[in-house]
Structure formats: C-alpha cells, structure tokens
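Below: the structure, in structure tokens.
Chain letters run A, B, ... following the sequence lines, proteins first, then strands; residues in each count from 1. All of these numbers come straight from a predicted model, not from anything done at the bench.
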Amino acid sequence: MTKSEQSYQQIWQTVRLIPQGCVASYGQIADLAGLPGRARLVGKALGKLPDNQQPIPWYRVLRSNGQIAFDKHSEQAKTQTGLLQQENVVVLNNRVKLKQFQWQPDLSELLFKLSF
DNA sequence: GGTGTGACAACAA
DNA sequence: TTTGTTGCCACAC
C-alpha cells in the first residue's frame, strides 16, 4: 500500500462519515483526513472514486464557501443538488448555507472511527 | 526529474 | 456576490 493510496483511502473514509443532512468543505475533509492544506487532493480523490461497495456521499462535499464545485449547468451539479435536497439540505443558486448545514464533527467520535 | 493539472483555499477588488 | 490571482502539493505524463 503506497502512501498516496492510503491518502485516498483516508479521504474516502472521512467523506463516508459525513452525516446525512450535513455538508463539509474540501479543506475540512482534507484536514480531518490528516492531510491539512491538501484540499485539491480531495478533489482528485473524489474524481477517482472506487465506486465499488461503500457508497460515498461525495455530494455532501462542497467548496469552502458552500458553493457546489461543478458548473451550475452541468448534470453533476443538478444531481448533487437533488441528492442534497433529498436530505433536507437547502440548495439555492448552486450553493448551500454553510452556517446552517456545515458538518460539525465530534472529534472524539471521529478519532474513534478513523483511528489514524 | 521537469511540466502541467486539479470536483480547492485564501485573499483582494 | 462574483471574478481574478496566487499558493499549494501530489499525481500523471
């Protein structure tokens, strides 16, 4: 297992922990995954989703300002907003009010589940 | 090993 | 709020 593979695994696993009805930013995920400052790596990791078993709620990952990472007209963005709204997350004009929906992880629980 | 790239972040207008 | 610039760092060629 190379370090890069491990990084991706950590990212995916962290994303899986985002509770329903919440969202997180790329930077936040990178941080929690033990990769501070590597938000772009998170983007790459999500672009290479292993789409094997474990459903990964990639749509709960937004930019730091709450904006969806895709172009507003893209199908991806529409799919994402749809999925979010299914979880009672309000998406307006391609963005989410982070103040209301941003995930506030419980660190102790996080450490327990991730145990890096 | 150099170069370009990326589902980004932070900051400035 | 939106757009542009810069910094960032691992990865793929």
May I have the step-by-step check of side-chain contact (heavy atoms from CB on, under 4.5 Å) for A:L114 and A:Q13, ending in yes or no? CA-CA 8 Å; A:L114 295 175; A:Q13 190 175 350; 3.7 Å; yes
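Here the side chains of A:V42 and A:L35 are not in contact, with every heavy-atom distance at 4.5 Å or above. Taking the side chain as every heavy atom from C-beta outward, A:L83 and A:W58 approach each other to under 4.5 Å. Contact annotation: the side chain of A:Q20 never approaches that of A:P57 to less than 4.5 Å [non-hydrogen atoms, C-beta and beyond]. Residues A:S25 and A:L62 form no side-chain contact, since every pair of their non-hydrogen atoms from C-beta on lies 4.5 Å or further apart. Contact of the A:Y59 side chain with the A:T81 side chain is not registered, since no non-hydrogen atoms from C-beta on lie closer than 4.5 Å. Contact of the A:F70 side chain with the A:E75 side chain is not registered, since no non-hydrogen atoms from C-beta on lie closer than 4.5 Å.
Put simply, the side chain of A:W12 gets close to the backbone of A:A45: a donor and an acceptor are under 3.5 Å apart. Distance alone, capped at 3.5 Å, is enough to place a donor-acceptor pair between the A:Q28 side chain and the A:W103 backbone. Between the A:R16 side chain and the A:T14 main chain, no donor and acceptor come within less than 3.5 Å of each other.
DNA chain C lies under 4.0 Å from no heavy atom of any residue of residues 70-92 of chain A.
Taking side-chain N and O atoms only, A:R95 has a distance below 4.0 Å to OP1 or OP2 of C:dT2.
Summarising the base pairing, B:dA7 is matched to no nucleotide, lacking a Watson-Crick or G-U wobble pair whose two defining distances lie under 3.5 Å.
Counting 5' to 3', DNA chain B first comes under 4.0 angstrom of a heavy atom of chain A and last does so at the ends given by B:dT5 to B:dA10.
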Output one letter per nucleotide in nucleotides 5-10 of chain C: B when a protein non-hydrogen atom lies under 4.0 Å from the base, S when only the sugar-phosphate is that close, - when neither is. --BBSS
